[in-house]
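This report refers to the structure that appears directly beneath it.
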Amino acid sequence: MTLQDALYNWLSIKKVAEHRPEDQAAKDTLQFFDEILREDHHVSILSVHLQEENYEVGYMIETTHYKKSFPRDYINALWESIEAEPKYN
């Protein structure tokens, strides 16, 4: 899995886990992607900010700081699809 894919998946499930604190599957999935970021890509997440139409993730690899932006609509899509599904509510 590429770093970009791991960050995208981590951020998408983070949104779900934050909005559904009782959802153990969301918590477990967030932990899974957190481990991928740490173990496979050596990433430490520093910040997540909503900037107009994008989420911006600040992170470090070793001693270098990076930022990656993802469109808000892409990140919100997973949460919105879960919320729209009656069996998950």
inquiry  = If you compare all heavy atoms of A17 against all heavy atoms of A26, which two are closest, and at what distance to 0.1 Å?
reply    = CA-CB, 4.0 Å
query = Can you name the residues that form a salt bridge (charged side-chain N to carboxylate O under 4.0 Å, His left out) with K15, not counting sequence neighbours?
reply = none
ask   = For Y59, what residues pass the ring-ring contact (aromatic ring centres under 6.0 Å, His included) criterion, not counting sequence neighbours?
value = Y66
query = What residue pairs, at least two apart or across chains, pass salt bridge (charged side-chain N to carboxylate O under 4.0 Å, His left out) with a residue in residues 48-61?
reply = E56-K67
Please tabulate, for the side chains in residues 28-46, all donor-acceptor contacts under 3.5 angstrom to protein atoms that are two or more places apart in sequence or on a different chain.
from	atom 1	to	atom 2	distance (Å)
D28	OD1	Q24	NE2	2.8
T29	OG1	A25	O	2.8
Q31	NE2	E35	OE2	3.2
D34	OD2	R38	NE	3.0
D34	OD2	R38	NH2	3.4
H41	NE2	M1	O	3.1

N/O donor-acceptor pairs under 3.5 Å from side chains in residues 2-10, not counting sequence neighbours:
from	atom 1	to	atom 2	distance (Å)
T2	OG1	D5	N	3.0
T2	OG1	D5	OD2	3.2
Q4	OE1	K68	NZ	3.2
Y8	OH	Y74	O	3.4
N9	ND2	D5	O	3.0

note = E80 meets the salt bridge (charged side-chain N to carboxylate O under 4.0 Å, His left out) criterion, sequence neighbours left out, with none
Closest contact, heavy atoms only, S69 versus N54 = CB-CB, 4.3 Å
ask   = Just how far is it from atom NZ of K27 to atom CD1 of I13, taken to the nearest 0.5 Å?
value = 12.0 Å
